[in-house]
Amino acid sequence: MSPAPHQPRLTVLSGPSGVGKGTLVGLLRQRHPELWLSVSATTRAPRPGEENGIHYFFHSQDSFQQLVDQNGLLEWASFAGNCYGTPRQPVEERLAAGVPVLLEIELEGARQVRQSSPDAFQIFLRPPSFEELERRIRGRGTDSDDAIGRRLERARLELQAESEFDAVVENGELEVALQELERLMGLA
Ligand code: ADP
Ligand code: 5GP
């Protein structure tokens, strides 16, 4: 008998800002180029070095609203004063073509995807402690004090939601967390 066909899989990675999602996703993509990472739309201003179409699609409030009105987003949420959303069409095309897709999104978006795509595998990344999370956000040096305050406030809420997820990975030692993600995603 031939083996079962590969099931295209949608994976959602969520967790508080500063926990290390971007760092781990970068490493996953280096090691597994077959994995496709969705590029989100946002109204946030680009950070130094961020490029339109690569890190995000940067939008004005009006053009983001147009995407929402056209049903162009698979999910979207407001986070720390800006809007973020996943463009629908590229994700649907990749999944239809059998390409494994990864979404790196915050909690409200993850909840929407749980409703619309119940088969998606949802992973929550948590920090070793709240103090370490704060050290990482501050150490990253990309956000104003005001933005850091909003992100930490939101993190307290997000950290209470880990039981909603299919799996929880602690990002203490980077390599350990990476290997655990690979195992959960069937990439190891
Ligand atoms: P997120 O994408 O979740 O907001 P980042 O990937 O930008 O988080 O990581 C936030 C900061 O924490 C960065 O400076 C990154 O280098 C650092 N970091 C990520 N993972 C670890 C880890 N396992 N141990 C120590 N520092 C880490
Ligand atoms: P940042 O401003 O640090 O790049 O992202 C802030 C938060 O928005 C992070 O938790 C990130 O995972 C989340 N995010 C990025 N893109 C999306 C998206 O398309 N949808 C949702 N809901 N959250 C997103």
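Order of appearance sets the numbers: ligands from 1, and atoms from 1 within every ligand. Note: hydrogens, waters and symmetry copies are ignored here, and every other heavy atom, side chains too, is used.
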### Task
May I ask you to check if ligand 1 and Gly139 share an N or O to N or O distance below 3.5 Å?
no
#### Entry: Closest to atom 26 (N) of ligand 1 among Glu106, Arg136, Glu104 (heavy-atom distance)
Arg136
### Message
Tell me the protein heavy atom at minimum distance from atom 20 (N) of ligand 1, and give that distance in Å.
### Response
Asn171 ND2, 3.1 Å
### Query
Does the side chain to side chain contact (heavy atoms under 4.5 Å, CB included) test come out yes or no for Val25 and Leu13, once each step is laid out?
CA-CA 9 Å; Val25 166; Leu13 181 65; 3.7 Å; yes
### Query
Is the shortest side-chain N to carboxylate O distance from Arg94 to Glu34 below 4.0 Å?
no
### Arg156 charged N/C atom sitting above Phe130 aromatic ring, 6.0 Å / 45°
yes
#### Entry: Other residues, nucleotides, ligands: >12 heavy atoms within 6.0 Å of Glu175 CD
yes
### Query
What do you reckon, does Glu173 have a nitrogen or oxygen under 3.5 Å from a nitrogen or oxygen of ligand 1?
no
### Message
Does the plane of the ring in Phe165 sit parallel, tilted or perpendicular to the ring in Phe124? Use 30° and 60° as the thresholds.
### Response
tilted
## Note on the structure
Under 4.0 Å from one or more heavy atoms of Gly22, ligand 1 contributes atoms 1 (P), 2 (O), 6 (O)
### Query
With a 3.5 Å cut-off and no angle check, do the side chains of Asn171 and Arg126 form a donor-acceptor pair?
no
### Message
Within ligand 1, which atoms have a heavy atom of Ser17 less than 4.0 Å away?
### Response
4 (O)
### Task
Just need the protein heavy atom nearest to atom 10 (C) of ligand 1, so name the residue and atom and give the distance.
Gly18 O, 3.4 Å
#### Entry: Ion pair Arg47/Asp143, N-O distance below 4.0 Å
yes
### Task
Report the C-alpha distance between His55 and Val39 in whole Å, list the side-chain angles of each, state the deciding distance to 0.1 Å, and finish with yes or no for side chain to side chain contact (heavy atoms under 4.5 Å, CB included).
CA-CA 6 Å; His55 299 91; Val39 179; over 6 Å; no
## Note on the structure
atom 8 (O) of ligand 1: closest protein heavy atom, distance to 0.1 Å, is Gly20 N, 3.1 Å
### Query
Between Arg140 and ligand 1, is there a nitrogen or oxygen pair with a distance under 3.5 Å?
yes
### Query
Going by atom types alone, do Gln65 and Asp69 pair a side-chain donor with an acceptor below 3.5 Å?
yes
### Side-chain H-bond candidate by donor/acceptor type, Gln112 with Glu108, under 3.5 Å
no
### Summary
Contacts of Trp76 meeting ring-ring contact (aromatic ring centres under 6.0 Å, His included) (sequence neighbours excluded), chain-then-number -> Phe64
### Query
Nearest protein heavy-atom contact for atom 16 (O) of ligand 1: which residue, which atom, what distance?
Thr23 OG1, 4.1 Å
## Note on the structure
Close residues (non-hydrogen atom under 4.0 angstrom from ligand 2) work out to Lys21, Ser40, Arg44, Arg47, Tyr56, Glu75, Ala77, Phe79, Tyr84, Gly85, Thr86, Glu104, Ile105, Glu106, Gly109, Arg151
### Message
Between Arg44 and Thr42, do the side chains contain a donor N or O and an acceptor N or O under 3.5 Å apart?
### Response
no
### Summary
For Leu174, the atoms of ligand 1 under 4.0 Å from one of its heavy atoms are 20 (N), 23 (N)
### Query
Which of the numbered atoms in ligand 1 are below 4.0 angstrom from a heavy atom of Gly172?
22 (C), 23 (N), 24 (N)
### Query
At a 4.0 Å threshold, what atoms of ligand 1 neighbour a non-hydrogen atom of Pro16?
3 (O)
